[in-house]
Amino acid sequence: MTDLVWLIPALPLAGFLVLVLLGRRLGEPGAGWLATAMCGGSFLATLVVYAGLLGEDEHDRSVVKTLFEWIPVGDLQVDIGFLADPLSITMALFVTGVGTLIHLYSIGYMHGDRDFPKFFVYLNLFIFSMLMLVLGSNMLVTFIGWEGVGACSYLLISFWFTNEANASAGKKAFVTNRIGDWGFLLAIFLAFSSLGTIDYAGVTAGAEGLPAVTATAIGLLLFVGAVGKSAQIPLYLWLPDAMAGPTPVSALIHAATMVTGGVFLMTRVNPILAAGYDWAPDVIAWVGVITALVAATIAVAQNDIKKVLAYSTVSQLGYMFLAVGVGAYVAAIFHMVTHAFFKALLFLGSGSVIHGMHDEQDMRRMGGLRKLMPVTAATFIVGWLAISGVPPFSGFFSKDEILLYAWGSGGVQGKLLWGIGLLTALLTAFYMSRQVFMVFFGEPRWNDPVPVAVGGGGSDAPADDLGEAATDADAVEVADHGEHGDRIEPHESPWLMTLPLVVLAVLAATAEIINLPFSGDLHFLGHWLEPVLGENEAHIDVATGTKVALAVVAIIAAVTGILVASLIYLRRRVKAVEPRVLAHAWYYDETVTRFVGGPGTKAFEAVAWFDAHVIDGAVNGVATLVRTSGRGLRTVQSGFVRSYALGISAGVVVVLGYFLTRLYI
Amino acid sequence: MIAALEVTPAWYLILGALLFSIGAFGLLVRRNPLVMFMCVELMLNAVTLTFVTFSRTLQDTGGQSIVVFVLVVAAAEVVVGLAIIVALLRKRPHATADDIALLEG
Amino acid sequence: MIQVELVVFVIAGAACLAGALGVVLSENPVHAALSLVGTLFGVAVLFVAQEANFLAAVQVIVYAGAIVVLILFVLMLLGVDEMEDLTVEPLVGQRIAAAVVSLGILGLVFGAIASTGYEATGVVGEIDADVADINRLGESLFTDYLFAFEITAVLLVIAVVGAILLARRPVGDEIIDRGQDERAEVIAERMAAAEARAGGTDLDESADADDDEADDESATEEVSS
């Protein structure tokens with residue numbers, strides 16, 4: 001059964017190829033159904049492989065299936081192969097599962113779009129690349145998938161590329177990812193040179209023998225790659241801009257799957273992290289938690305419905321890296337799974353809202369939508385409660401586990417990490433509640449002439465914030481809804497879009513059962529991932545009483561956040577505080593632009609000059625040398641016979657002299 | 001002292017060398033084609049003189065045989081060369097060796 | 001007692017060198033040809049001194065008698081007997097380079113001769129001293145070098161055929177001898193100058209000048225026909 005692991009990426013690949021050739025012929029909605037079927041088939045195949053793995057004994061749950069030899073060069077042996085083990089199958093399960101739901105949703109969302117088949121071409125290609133990433137048996141196959149998802153992300157973000165802002169956003173994503181990829185590549189080189197292999201089997205086996213320096217270097221270089229892919233500080237700035245893409249793209253790529261690639265990678269190479277210096281995982285943890293906090297602060301002041309969710313994604317990814325950093329890999333994967341469910345749910349829900357509001361994305365123009373879009377509202381609220389960390393929804397359990405391990409990682413650092421994580425949780429609850437109240441509750445504002453900031457007693461967010469938010473949001477999701485004219489009448493979305501919402505809501509509400517903390521036996525996910533993680537999973541020594549106390553504190557934080565938000569945005573008792581600096585994301589984007597435009601450009605120009613004059617100069621110099629020497633030598637061909645005769649005579653003298661000296665000296 | 005001087009073969013060889021180098025110099029310096037021919041004949045004569053000298057010192061008739069061949073070849077060469085010069089100078093009466101440079105492409 | 005060979009060598013050698021220098025340094029090509037004859041005679045004498053009598057005879061007959069005459073023929077025929085301006089050298093550095101090269105050759109050959117200790121080194125053959133050199137030469141040519149001998153015969157035939165072909169006037173070609181016009185001009189100039197000088201008083205001189213002129217003109221006429 002596990003032999004069928006190759007089928008998992010093969011089906012989306014087949015879908016991609018068929019759609020490339022016949023997509024336009026199939027048209028709408030045939031192309032969409034085909035893509036969804038392929039993704040669904042892939043999900044079924046994953047289930048089959050999962051069942052196969054379950055049937056194996058615990059210690060045999062790592063199956064490598066090699067398709068063919070790809071690079072046999074000297075000592076380097078790279079095959080195209082798949083590794084079916086607990087970690088990769090877990091990833092594959094939710095990638096294909098959530099992916100199928102999003103494919104279904106997209107059939108409804110992209111209805112009427114001119115390039116309907118092309119969308120599904122890219123979606124299937126993306127699923128294929130993501131599956132290569134998670135199922136790869138060596139670092140290079142993972143890298144292929146890594147690059148593939150980066151490319152598909154670019155293609156899908158700039159799907160409506162006729163708008164320049166969308167195209168720029170796509171380029172920004174690709175370029176920023178590239179910086180991360182540089183780190184990944186260096187890590188591959190380093191791994192090969194120190195271990196002689198880049199297979200995961202070989203890497204995990206050889207990691208213990210690595211000197212700490214090398215292991216730390218590899219680990220941190222891979223982390224650079226993860227920072228790029230998973231949008232952590234300092235490479236997160238592509239993710240908010242990536243909201244220019246269609247909402248299903250945001251849901252699939254920038255919430256549930258691609259951005260989790262970084263966390264997956266770090267988990268995959270956990271032996272290397274364990275073999276390095278102790279401070280290396282601390283770096284990861286701190287980067288994660290700081291990113292979580294900063295992103296949460298920015299989300300507080302955003303007015304575009306998708307931007308809030310984008311920064312929220314960055315923040316939640318920070319939590320996952322915090323978990324990885326303190327050694328709580330199970331918690332990281334747990335949060336990844338639950339996050340996939342509720343974040344996809346939230347994004348799809350926001351897409352439904354946008355669709356119903358005829359492409360309006362500014363939350364200040366929404367309000368009171370729960371009556372007009374009941375299913376969307378209900379599912380969105382489930383997602384909201386999950387992400388805010390309210391029990392019994394799944395988000396509470398996964399987030400609480402991370403905070404617990406942070407607390408238990410020891411020392412002052414552990415407490416600090418926990419504290420910042422807690423603060424972030426509070427902010428998360430706050431801004432998500434803000435979003436829910438602004439969108440679904442309150443008075444309808446969509447027919448107001450000018451969007452005013454929401455919140456009691458006015459706000460100090462002046463009008464130009466609107467312009468910035470609107471263009472930044474790249475809210476030009478061109479769908480065919482012109483017939484309603486200026487007066488917007490929001491409506492519920494079709495079943496194609498609401499069915500996935502319902503399914504995801506159920507999952508978000510119940511996903512915690514895979515890893516309940518109440519008793520060791522209920523730690524299904526923990527046991528399942530044990531073969532992969534082995535000794536490297538952190539074991540914390542915290543009394544049960546402390547655990548309960550921490551959980552209670554977390555709940556209080558969440559509730560506080562919700563209450564404060566309701567005071568400001570629902571009951572309008574308190575004035576809203578949305579400082580400009582937060583709305584502008586701490587001016588990070590502007591700083592980067594100014595740097596790249598200023599000193600950065602000078603540096604690039606210097607490099608380009610070097611390339612043009614030194615490197616090209618060397619090549620051109622050879623040509624010039626040939627030309628000038630040819631010109632010089634041409635004068636010998638004068639046509640004067642006497643000169644030629646002179647040359648011959650001189651030659652005679654030389655030859656004579658040579659022979660005479662050779663004989664007699 | 002002059003009475004004690006003996007003409008050794010080396011003297012002939014040296015004379016031959018002198019003739020040869022004078023002929024070479026003349027060939028490179030003169031522009032009149034017929035004078036250049038004469039310088040070539042000078043060189044050939046130097047060579048024949050050397051051959052005969054060696055034939056005598058090494059007691060080998062081969063040297064003299066070669067001289068015969070050199071003579072024949074020199075004659076043939078002169079004939080053909082002069083024919084060419086006649087053909088050339090008929091068209092261009094005052095041509096010198098340097099004017100062949102006009103043939104250059 | 002001064003040896004005969006020494007005297008002969010000195011005289012003949014001087015003749016050779018004088019002739020060689022004359023060839024190279026004469027402005028007038030005819031003078032050069034005559035100097036060449038001197039060299040050839042000198043070499044012939046040296047052949048006799050080396051007991052190569054036959055070759056000496058052949059040298060005189062073929063070289064001095066045929067080749068130099070041929071050259072003189074062409075010189076006179078084509079009027080290439082004009083003086084070459086030896087003070088001018090169009091190619092830069094040619095003279096110096098030529099001097100260097102010829103001195104180089106001279107030096108190297110000297111060196112080669114000196115390095116052998118002024119002795120001839122090589123395989124020593126055997127010659128029956130009683131047999132005359134012409135007999136020996138004939139035997140060598142017709143036995144050891146027979147093939148080469150026959151080839152040279154072919155070579156001569158080819159040379160003759162080639163010469164006839166090359167020097168033939170193309171059919172229907174006009175005879176252009178611009179030199180003749182120039183010469184007529186020069187003669188006319190000289191005539192005018194002579195008349196101006198003489199003033200027409202000396203009839204004999206003018207008569208001689210007329211005769212000369214008539215001879216010149218008839219000579220040029222003969223050449224052109």
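Counted within 6.0 Å of CZ on A:Phe143, heavy atoms from surrounding residues, nucleotides or ligands total more than 12; the atom is thus considered enclosed. Around atom CZ of A:Arg594, no more than 12 heavy atoms belonging to other residues, nucleotides or ligands sit under 6.0 Å away. Applying the 6.0 Å contact sphere to CZ of A:Phe659 captures no more than 12 heavy atoms from other residues, nucleotides or ligands. Heavy-atom contacts from other residues, nucleotides or ligands closer than 6.0 Å to CD1 of A:Ile615 number more than 12.
The nearest pair of heavy atoms linking A:Leu660 to C:Ala112 is CD2-CB, 3.7 Å. Minimum interatomic distance between A:Arg642 and C:Gln94 (heavy atoms only, all atoms of both residues): O-NE2, 3.1 Å. Minimum interatomic distance between A:Ser649 and C:Val101 (heavy atoms only, all atoms of both residues): CB-CG1, 3.3 Å.
How far OG1 of A:Thr661 is from CG of C:Leu108: 8.5 Å, rounded to the nearest 0.5 Å.
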